[in-house]
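Numbers here simply count residues along the sequence, with the first being 1. In this text, all values refer to a predicted model and were calculated from it rather than measured experimentally.
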Amino acid sequence: MPPQFPQKICSPMIDTNYLLAHSQDLDLIIRHVLAGLGHGLHAGKERGAGVEFSEYRAYAPGDEWRRVDWKLLARNDRYYVREAERDSHVAIWFWLDASASMGEISYRYPEISKLDYARAVVACLAAVAQRQGDAFGLIVANQARIHLTPLSRGPRQLQRILAHLNRTKAEQQLPDAMQIKAQMQFIRAPSLLFAVSDFLDWPSASGESLLRLRRMRHDVRALSLHTEAERNASFPLHTSFRDPESSAYTSELTAQQRPAYQAAYVQHYERVRQDLKAMDIPYLQVNIEEDIAKVVRNWLRKAGRG
């Protein structure tokens with residue numbers, strides 16, 4: 001049976017309720033990933049569900065009901081949440097490739113593009129990070145620039161991330177080395193970075209930046225998105241194709257060209273895999289026709305194994 005995509009995920013808007021429902025039991029998986037980061041990470045105090053009481057604050061949508069102080073509710077007729085402090089070992093960043101190639105759609109599900117799928121994956125992981133009280137931020141790479149949602153915590157941060165994802169379009173090229181160097185100074189302390197891309201542009205300045213972040217002891221995890229047609233060369237024959245990032249380039253796939261296309265495809269992504277493996281970056285390659293919840297779960301498990 002083919003995977004069933006909720007209607008709102010197939011549209012430009014992301015169905016937050018669906019994503020939250022499918023992330024409820026992912027916290028233990030991601031905690032295992034974080035626990036395996038090793039030494040050298042700087043612990044700091046963060047507010048959230050912990051053991052050392054800090055203060056009360058007004059309830060906000062998305063807070064867990066188990067943290068509501070019911071005695072204060074009875075006295076003041078208002079909801080308050082108990083804040084606590086606990087050690088925070090890592091900040092979480094989501095790196096999203098939103099270049100023009102990510103606008104490619106599935107032939108089986110023409111309402112879904114690589115970018116739609118990538119936004120859903122990132123939103124699901126952001127929901128996990130928010131529920132656990134982690135600091136998380138978003139890096140969107142398109143229009144030859146870096147677009148940043150800075151690190152923060154809590155339900156409002158999740159809403160900021162979702163809003164940024166919803167307005168993101170697949171546009172133009174990835175940033176060059178100069179743009180990345182100028183705008184990537186914000187990642188200093190070792191962090192966990194989830195990178196979602198089709199990795200068509202490899203080697204590239206963006207790819208090198210991920211390798212450089214790993215050399216700087218950031219923990220980088222890579223998810224490579226593809227369509228079934230890309231992966232098995234099942235495009236309609238004798239159809240002209242244009243490189244979305246270079247409008248002057250067109251090509252036509254014929255039956256005779258198909259073996260060469262498949263060989264070049266395998267060679268390209270084997271190089272991506274080997275380059276990432278050499279830097280100890282867990283890498284998962286999936287089709288956007290696959291079930292999103294299963295892909296997120298498998299990616300986190302793979303990351304946990306290292």
Open item on the list: Evaluate Ser209 against Trp95 for side-chain contact (heavy atoms from CB on, under 4.5 Å), listing each step before the verdict.
Closed with: CA-CA 11 Å; Ser209 70; Trp95 171 292; 3.4 Å; yes
Open item on the list: Tell me if the aromatic rings of Trp202 and Tyr269 count as close, with their centers under 6.0 Å from one another.
Closed with: no
Task: Donor-acceptor contact present, side-chain Asp116 to main-chain Ile112, <3.5 Å - done: no
Open item on the list: Assess, by modelled atom type and distance only, whether the side chains of Ser101 and Asp198 contain a donor and an acceptor separated by less than 3.5 Å.
Closed with: yes
Open item on the list: Distance check, rounded to the nearest 0.5 Å: Trp93 atom CH2 versus His218 atom NE2?
Closed with: 10.5 Å
Task: Spatial distance of atom CD1 (Ile92) from atom CG (Leu192) [nearest 0.5 Å] - done: 5.5 Å
TODO: Indicate the atoms forming the closest heavy-atom contact of Leu158 with Ala127, along with that distance.
DONE: CD1-N, 3.8 Å
Task: Gap separating the CD atom of Gln130 from the CZ atom of Arg156, nearest 0.5 angstrom - done: 12.5 Å
Task: Interatomic spacing from OG in Ser206 to CD1 in Ile146 - rounded to 0.5 Å - done: 6.0 Å
- [ ] Give a yes or no answer on whether the side chain of Gln274 reaches the backbone of Arg271 with a donor-acceptor pair at less than 3.5 Å.
- [x] no
Open item on the list: Under 4.0 Å between a side-chain nitrogen and a carboxylate oxygen: does that hold for Asp219 and Arg221?
Closed with: yes
Open item on the list: Restricting to non-hydrogen atoms, name the atom on Ala170 and the atom on Ser99 that form the minimum distance, rounded to 0.1 Å.
Closed with: CB-O, 3.4 Å
Task: Counterpart residues, side chain to side chain donor-acceptor pair (under 3.5 Å), relative to Arg215 (two or more places apart) - done: Glu208
Task: Smallest separation among heavy atoms of Phe136 and Ile161, with atom names - done: CE1-CG1, 3.7 Å
Open item on the list: side chain to side chain donor-acceptor pair (under 3.5 Å) for Gln143 and Glu171? Distances and angles first, verdict last.
Closed with: CA-CA 6 Å; Gln143 301 174 324; Glu171 297 179 297; 2.7 Å; yes
Open item on the list: I'd like to know if the side chain of His147 and the backbone of Leu138 have a donor-acceptor N/O pair within less than 3.5 Å.
Closed with: no
Task: Whether Asp201 side chain and Ser204 backbone form a donor-acceptor pair below 3.5 Å - done: no
Open item on the list: Hydrophobic cluster membership, with links at side-chain heavy-atom distances under 4.5 Å among I/L/V/M/F/W/Y: are Leu148 and Leu151 in one?
Closed with: yes
Open item on the list: Checking the side chain of Ser197 only, and the main-chain atoms of Phe199 only, is there a donor and an acceptor separated by less than 3.5 Å?
Closed with: yes
Open item on the list: For Gly154, is there any backbone N or O sitting under 3.5 Å from a side-chain donor or acceptor partner on Arg131?
Closed with: no
TODO: Kindly indicate, with the supporting measurements, whether the criterion side-chain contact (heavy atoms from CB on, under 4.5 Å) is fulfilled by Leu213 and Leu211.
DONE: CA-CA 5 Å; Leu213 287 170; Leu211 299 178; over 6 Å; no
Open item on the list: A side-chain contact here means heavy atoms from C-beta on lying under 4.5 Å apart; do Val196 and Asp97 qualify?
Closed with: no
Open item on the list: Tell me whether Asp134 is salt-bridged to Arg153, with the criterion being a basic N under 4.0 Å from an acidic carboxylate O.
Closed with: no
Open item on the list: Please report the interatomic distance CD(Gln157) to CG(Leu162), rounded to the nearest 0.5 Å.
Closed with: 10.0 Å
Task: Shortest non-hydrogen contact from Ala205 toward Pro175 - done: CB-O, 3.9 Å
- [ ] For Glu230, enumerate each residue passing the side chain to side chain contact (heavy atoms under 4.5 Å, CB included) test, keeping only those at least two apart in sequence or located in another chain.
- [x] Glu104, Lys114, Leu200, His226, Thr227, Phe235, Tyr261, Tyr265
Task: Close side-chain approach of Leu300 and Leu125, heavy atoms under 4.5 Å - done: yes
Open item on the list: Please determine whether side-chain contact (heavy atoms from CB on, under 4.5 Å) holds for the pair His164 and Val140, giving the CA-CA distance in whole Å, both sets of side-chain angles, and the decisive distance to 0.1 Å.
Closed with: CA-CA 9 Å; His164 194 167; Val140 175; 3.7 Å; yes
Task: Residue pair Arg160 / Ser152, side-chain heavy-atom distance below 4.5 Å - done: yes
Task: NZ/NE/NH1/NH2 to OD/OE distance under 4.0 Å, Glu270 and Arg273 - done: yes
Open item on the list: Donor-acceptor check, side chain of Trp299 to backbone of Ala222, threshold 3.5 angstrom: yes or no?
Closed with: yes
TODO: Evaluate the side-chain contact (heavy atoms from CB on, under 4.5 Å) criterion for residues Leu225 and Val286: first the C-alpha distance (whole Å), next the side-chain angles of each, then the deciding distance (0.1 Å), finally the verdict.
DONE: CA-CA 5 Å; Leu225 300 183; Val286 302; 3.5 Å; yes
TODO: Please name the pair of heavy atoms, one in Gln262 and one in Ala233, separated by the smallest distance, quoted to 0.1 Å.
DONE: CG-CB, 3.6 Å
- [ ] Report, as yes or no, whether the 6.0 Å neighbourhood of atom CD on Gln267 holds more than 12 heavy atoms from other residues, nucleotides or ligands.
- [x] no
Task: Gap between atom CD1 of Ile288 and atom OG of Ser106 - 0.5 Å precision - done: 5.0 Å
Open item on the list: Between Asp280 and Lys277 (salt bridge meaning N to carboxylate O under 4.0 Å), is one present in this structure?
Closed with: no
Open item on the list: As a test of understanding, state which of Glu228, Arg108, Arg231 forms a side chain to side chain donor-acceptor pair (under 3.5 Å) with Asn287.
Closed with: Arg231
